[in-house]
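In what follows, a structure is listed as structure tokens, so that the remarks can point back to it.
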Amino acid sequence: MTELQQRLAAIQARIESACQQANRSSDEVTLIVVTKNHDHSLVLDLLDAGVRDFGENRNQEAEPKAQAVLADSTVARADYRWHFIGQLQTNKVKNVLTYADLLHSLDRQSLLDTLVKELGKQERTLDVFIQLNLTDNPERGGIHPSDLVAFAEQVMKVDKLKLRGVMGVGSLEGEAERDFETIWQASQVVRGLAPAATAISAGMSEDFEIAIQHGATHLRIGTAITGKRQY
Ligand SMILES: *Cc1c(COP(=O)(O)O)cnc(C)c1O
């Protein structure tokens, strides 16, 4: 086993045991390996190791990487997914739609409007998560829980968007429990409106076990698997 495969296996084992402790099946948890700051050869190695979900947070880096993976991988494009997880500028939407299968960071009305416009010209649909702002700082991006119902209703009106659930980034200051509880509550609210929107994107290298306890279905794990950033 390579070091990468060992780190991957170790995280998969920790996910498995966290699920057991939470009385959940690991079948309901998707591991997204965040490959930002690593070049496309790491994605190829992860594909070889069986990973099928990849996360990126900057189009400038992700778009050429996705193209290089497409050119070099023997895995069929339909068999793996790119998750765009970072803040998305409206002028990059068109580019991101060339490779992203899911968007975790639908965080504001102007982004929704741009998605409607761009998807209107295409045959495809896009799976989306509404990103929550878990702080009191409106500058941080994301939908404040008090605005969630109104925003989710806007998203649900768009046929080409498939609302999967909610997404949040837990604070790093020891408040992860509180934040994941807030995300869980928000998820319940969204499910009340859209019963199929059961997904919760939460949990990173430092806090994924806590996120699993709080119902996370999509873990976004980078450094614990990929090692130190290359770029
Ligand atoms: C980078 C990133 C992650 C992964 O972070 P790690 O600490 O490396 O696991 C998860 N989510 C988002 C939004 C990120 O930008």
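Order of appearance sets the numbers: ligands from 1, and atoms from 1 within every ligand.
- In the candidate list Ile85, Ile32, Ile221, Val33, Ile85 is nearest to atom 12 (C) of ligand 1, counting heavy atoms.
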Distance-only check: which donor-acceptor pairs under 3.5 Å involve side-chain atoms of residues 141-148, not counting sequence neighbours?
{"from": "His144", "atom 1": "ND1", "to": "Ser146", "atom 2": "N", "distance (Å)": "3.2"}
{"from": "His144", "atom 1": "ND1", "to": "Ser146", "atom 2": "OG", "distance (Å)": "2.8"}

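- At a threshold of 4.5 Å between non-hydrogen side-chain atoms, the residues Met204 and Thr223 do not count as touching.
- The list of side-chain hydrogen bond (donor to acceptor under 3.5 Å, both in side chains) pairs with a residue in residues 7-18, not counting sequence neighbours, reads Arg14-Glu209, Glu16-Ser26.
- With hydrogens and angles disregarded, a donor-acceptor distance shorter than 3.5 Å links the side chain of Ser205 to the backbone of Ala224.
- Listed by number with element, the atoms of ligand 1 under 4.0 angstrom from any heavy atom of Thr223 are 6 (P), 7 (O), 8 (O), 9 (O).
- Side-chain contact annotation: Asp107 with Ser105, donor-acceptor N/O pair under 3.5 Å absent.
- Residue Glu206 does not touch ligand 1, judged by heavy-atom distances below 4.0 Å.
- Remark: among candidates Glu56, Gln131, Arg58, Lys36, the nearest residue to atom 15 (O) of ligand 1 is Lys36, based on non-hydrogen atoms.
- Between Val34 and ligand 1, not a single N/O pair is under 3.5 Å apart.
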